Trainee: 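Just passing along the structure, written as structure tokens.
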Amino acid sequence: MSKVASVISMEFETPEQVTAFTHYVTEAHEDLSRDLEQLTAVRTGETSVFVIRVHKDQESYERFDMAMREKRDQNPHRPRDVLKLEGDVSYMFHHTKYLNV
């Protein structure tokens, strides 16, 4: 079974909502990380975030998505718009170097 990924572009009303949402996801990460192989979030503007998630298979993707929806319902800082794309991973190269993180 192939890996499954989602690419999510999120737009918030204020920069403070982005910061609050980022902290919220960081705290929830321990519960959710068992179904993630990769999570990359890039703050692309004052009120926007671009996220790439990779899961080992469709089942882990569905578990994560369900858990994240439940967590999101508890979070007061919601994005204004979310564009989500899903698909099979056709290529993945892993070389991690952390700079300015």
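Nothing here was measured: the structure is a model prediction, and the numbers come from that model.
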Trainee: Could you grab the distance from atom OG1 of Thr19 to atom CZ of Phe12, nearest 0.5 Å is fine?
Mentor: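 CZ of Phe12 is found 9.5 Å from OG1 of Thr19.
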Trainee: Distance from Lys3 atom NZ to Lys56 atom NZ, nearest 0.5 Å?
Mentor: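 Taking NZ in Lys3 and NZ in Lys56, the distance rounds to 9.0 Å.
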Trainee: Parallel, tilted or perpendicular for His55 and Tyr61, by the 30°/60° rule?
Mentor: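 The arrangement is perpendicular - the two ring planes meet at more than 60°.
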Trainee: Is there a path from Val4 to Val54 through hydrophobic residues (I, L, V, M, F, W, Y) whose side chains come within less than 4.5 Å of each other?
Mentor: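 No; tracing contacts between hydrophobic side chains, which count when under 4.5 Å, never links both residues.
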Trainee: Taking Asp65 first and then Arg53, would you say they form a salt bridge - that is, a charged N and a carboxylate O separated by under 4.0 Å?
Mentor: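 So Asp65 pairs with Arg53 through a salt bridge.
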Trainee: Considering all heavy atoms of both residues, which atom of Asp57 and which atom of Ser60 are nearest to each other, and what is their separation?
Mentor: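 For Asp57 and Ser60, the tightest heavy-atom pair comes out as OD1-N, 2.8 Å.
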Trainee: Please test Arg43 against Val18 for side chain to side chain contact (heavy atoms under 4.5 Å, CB included), starting from the C-alpha separation and ending with a verdict.
Mentor: CA-CA 9 Å; Arg43 192 162 181 174; Val18 177; 3.5 Å; yes
Trainee: Output yes when a side-chain donor or acceptor of Glu62 lies under 3.5 Å from a complementary backbone atom of Glu59, and no otherwise.
Mentor: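 No; zero donor-acceptor contacts below 3.5 Å.
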Trainee: Quick one: do the Thr40 and Gln38 side chains pair a donor with an acceptor below 3.5 Å?
Mentor: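 Yes, side-chain donor-acceptor contact under 3.5 Å.
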Trainee: State yes or no: do Met10 and Leu39 share one hydrophobic cluster built from I, L, V, M, F, W and Y residues joined by side-chain heavy-atom distances below 4.5 Å, directly or via other members?
Mentor: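 Yes, Met10 connects to Leu39 through the hydrophobic network.
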Trainee: Would you please say whether a donor-acceptor pair under 3.5 Å links the side chains of Thr47 and Glu11?
Mentor: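 Distance-only check passes for Thr47 and Glu11.
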